[in-house]
J.: 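Structure provided below as structure tokens; questions to follow.
Sequence lines set the chain letters: A, B, ... in the order given, protein chains first and strands last, and positions in each chain run from 1.
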2 protein chains.
Amino acid sequence: MDQALSIAEFAEAFGVTPRTLRFYEQKGILKPVRRGRTRLYSERDKIRLKLTLRGKRLGFSLNECINIINMYDSSPAAENLQLLHLCRKIREHRVQLISKMKDIEETLSAMDSVEEQCLAQLLEDSSVDKPESAVK
Amino acid sequence: MDQALSIAEFAEAFGVTPRTLRFYEQKGILKPVRRGRTRLYSERDKIRLKLTLRGKRLGFSLNECINIINMYDSSPAAENLQLLHLCRKIREHRVQLISKMKDIEETLSAMDSVEEQCLAQLLEDSSVDKPESAVK
DNA sequence: GATATAGTTGACGTTAACGTTAATTAAGTG
DNA sequence: CACTTAATTAACGTTAACGTCAACTATATC
């Protein structure tokens, strides 16, 4: 199931190009094992790429994505002080995400009202275009 | 209340630079009135800038933001066919936004569990570091 | 053993979204 | 009216995030 994938397969599976994967590797996001010089992508790479792409969809830069990922990665068995630091970063990130959710909610409700007006206008137009149905 | 603002005031009010405002103008997002050559920003510019910045926070490109804004702007008294087109664009955009919301929700719940593990670890550590409280 | 197929490493190119600087101008102030 | 202050245009610079291309290599197949 989680056998290592070649770069083309891995890229295909996530809708990105091989070039993107090499670029992410150089950025430290991915660390595929090598068979000879050829890259082989593992389950861990899969998770990290997933997190990266999700971050990007939400408007975070690659560097921000890296921070987010490292946040998740540093969890198991860390020093006490680092755990506290992690907790603080989590709270900060949560604030950002919740703020983005509010942006989305506002946009959605604005869109709802535009759609409503739009539909109302269409109804009005149709009753004007076909006067018989309005007269009868 | 909604008197026209100079470029510096307007920029300051939104946390952007004058250069950004001129750039957005050239992109067709803003259309400040001129007193002489000096730009004066109106309520309409305010709304359009707000929408633009919100779009950017959600990871949309400037061109996508322009499309979104034009969507809102084309609503009053459009042709029937265009109204239908608008409705479709609204539905498409809604899909994108809801998808982004799911991304956020997933991230939030993942963060919750990381935080939980983090706190559990901290508790465990503290009961090991202070054996008296565990013994007593 | 020639050749087709993937993959690799540079290295330069490109686009979006502004930053920065210079040269000019208009408006207010002592 | 000399001078400061804020604004303007024009033009080149910059950074992130890849795209593109060339030259090379390893493997498999006929």
Side-chain angles (χ1 to χ4, degrees), chain A residues 3-42 45-46 48-71 93 96 100 103, chain B residues 3-42 45-46 48-71 93 96 100 103:
Chain A
Q3 18 186 339
L5 299 174
S6 80
I7 195 167
E9 297 165 333
F10 197 59
E12 168 77 53
F14 282 91
V16 300
T17 69
R19 165 65 202 185
T20 297
L21 296 178
R22 295 196 189 99
F23 182 70
Y24 286 2
E25 178 176 351
Q26 157 186 336
K27 278 248 151 189
I29 296 175
L30 304 176
K31 283 170 192 168
V33 178
R34 301 292 182 117
R35 180 177 55 197
R37 316 168 41 152
T38 304
R39 295 167 171 84
L40 293 178
Y41 293 87
S42 69
D45 291 314
K46 197 169 156 183
R48 293 173 69 94
L49 180 56
K50 220 177 213 168
L51 290 175
T52 303
L53 297 179
R54 192 161 72 188
K56 289 211 64 191
R57 285 197 302 269
L58 293 176
F60 293 104
S61 72
L62 268 190
N63 285 330
E64 288 173 320
C65 289
I66 290 174
N67 286 334
I68 295 171
I69 291 176
N70 290 339
M71 210 175 80
H93 191 207
Q96 289 186 48
K100 276 179 200 285
D103 278 332
Chain B
Q3 18 185 339
L5 298 175
S6 80
I7 194 168
E9 296 165 333
F10 197 62
E12 167 76 52
F14 282 91
V16 301
T17 68
R19 164 67 203 187
T20 298
L21 296 179
R22 296 196 189 96
F23 182 70
Y24 287 2
E25 178 175 350
Q26 157 186 336
K27 278 248 148 187
I29 296 175
L30 304 176
K31 282 169 193 168
V33 177
R34 300 290 182 120
R35 179 177 55 196
R37 321 170 34 156
T38 304
R39 294 167 172 85
L40 294 178
Y41 292 88
S42 70
D45 292 313
K46 198 169 155 183
R48 293 173 69 93
L49 180 56
K50 221 177 213 168
L51 290 175
T52 303
L53 296 179
R54 194 160 71 187
K56 288 211 65 190
R57 285 197 301 270
L58 293 177
F60 293 105
S61 72
L62 269 189
N63 285 329
E64 288 173 320
C65 288
I66 291 175
N67 286 334
I68 295 171
I69 292 177
N70 290 339
M71 209 175 82
H93 191 207
Q96 287 187 48
K100 276 179 199 283
D103 278 333

J.: Whole angstrom is fine here: how far is it from CZ in A/R22 over to P in C/dA11?
T.: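 Those two atoms, CZ and P, are 16 Å apart.
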J.: So which one's nearest nucleotide on DNA chain C is more toward 5', B/K56 or B/T38?
T.: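 Looking at the nearest nucleotide for each, B/K56 comes out on the 5' side.
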J.: Does any N or O in the side chain of A/D103 come within less than 3.5 Å of the main-chain N or O of B/G55, such that one atom is a donor and the other an acceptor?
T.: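 No; judged by distance alone, with no hydrogens or angles, the pair does not exist.
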J.: Would the distance check show the side chain of A/K100 and the main-chain N or O of B/R57 forming a donor-acceptor pair, the cut-off being under 3.5 Å?
T.: yes
J.: For B/S61 and for A/E9, locate the closest nucleotide of DNA chain C by heavy-atom distance; then report the residue assigned to the nucleotide nearer the 5' terminus.
T.: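 Counting from the 5' end, the first nearest nucleotide belongs to A/E9.
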J.: Base, sugar-phosphate, or nothing for A/R35, non-hydrogen atoms under 4.0 angstrom?
T.: nothing
J.: Between which nucleotides of DNA chain D, read 5' to 3', does contact with chain B run, using atoms under 4.0 Å from its heavy atoms?
T.: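 On DNA chain D, the outermost contacted nucleotides are D/dA7 to D/dA11.
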J.: Starting from P on C/dT9, measure out to CZ on A/R19 and report it in whole angstrom.
T.: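 Rounded to the whole Å, the gap is 11 Å.
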J.: Taking the side chain from A/R48 and the backbone from A/I29, do they hold a donor-acceptor pair closer than 3.5 Å?
T.: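 Yes: the side chain of A/R48 pairs with the backbone of A/I29.
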J.: Is the shortest heavy-atom distance from the side chain of B/L21 to the side chain of B/Y41 under 4.5 Å?
T.: yes
J.: In whole angstrom, give the distance that lies between atom CG of A/L21 and atom C1' of C/dA6.
T.: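 In whole Å, C/dA6 C1' and A/L21 CG are 15 Å from each other.
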J.: Would you indicate what A/R39 reaches in the nucleic acid, counting non-hydrogen atoms under 4.0 angstrom: base, sugar-phosphate, or nothing?
T.: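 Result for A/R39 = sugar-phosphate.
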J.: Of A/K27 and A/R37, whose nearest nucleotide on DNA chain D comes first from the 5' end?
T.: A/K27
J.: Less than 4.5 Å apart, side chain to side chain, heavy atoms only: is that true for A/T20 and A/F14?
T.: no
J.: Would you say that A/R22 contacts A/R39 through its side chain, given a criterion of any heavy-atom pair below 4.5 Å between the two side chains?
T.: yes
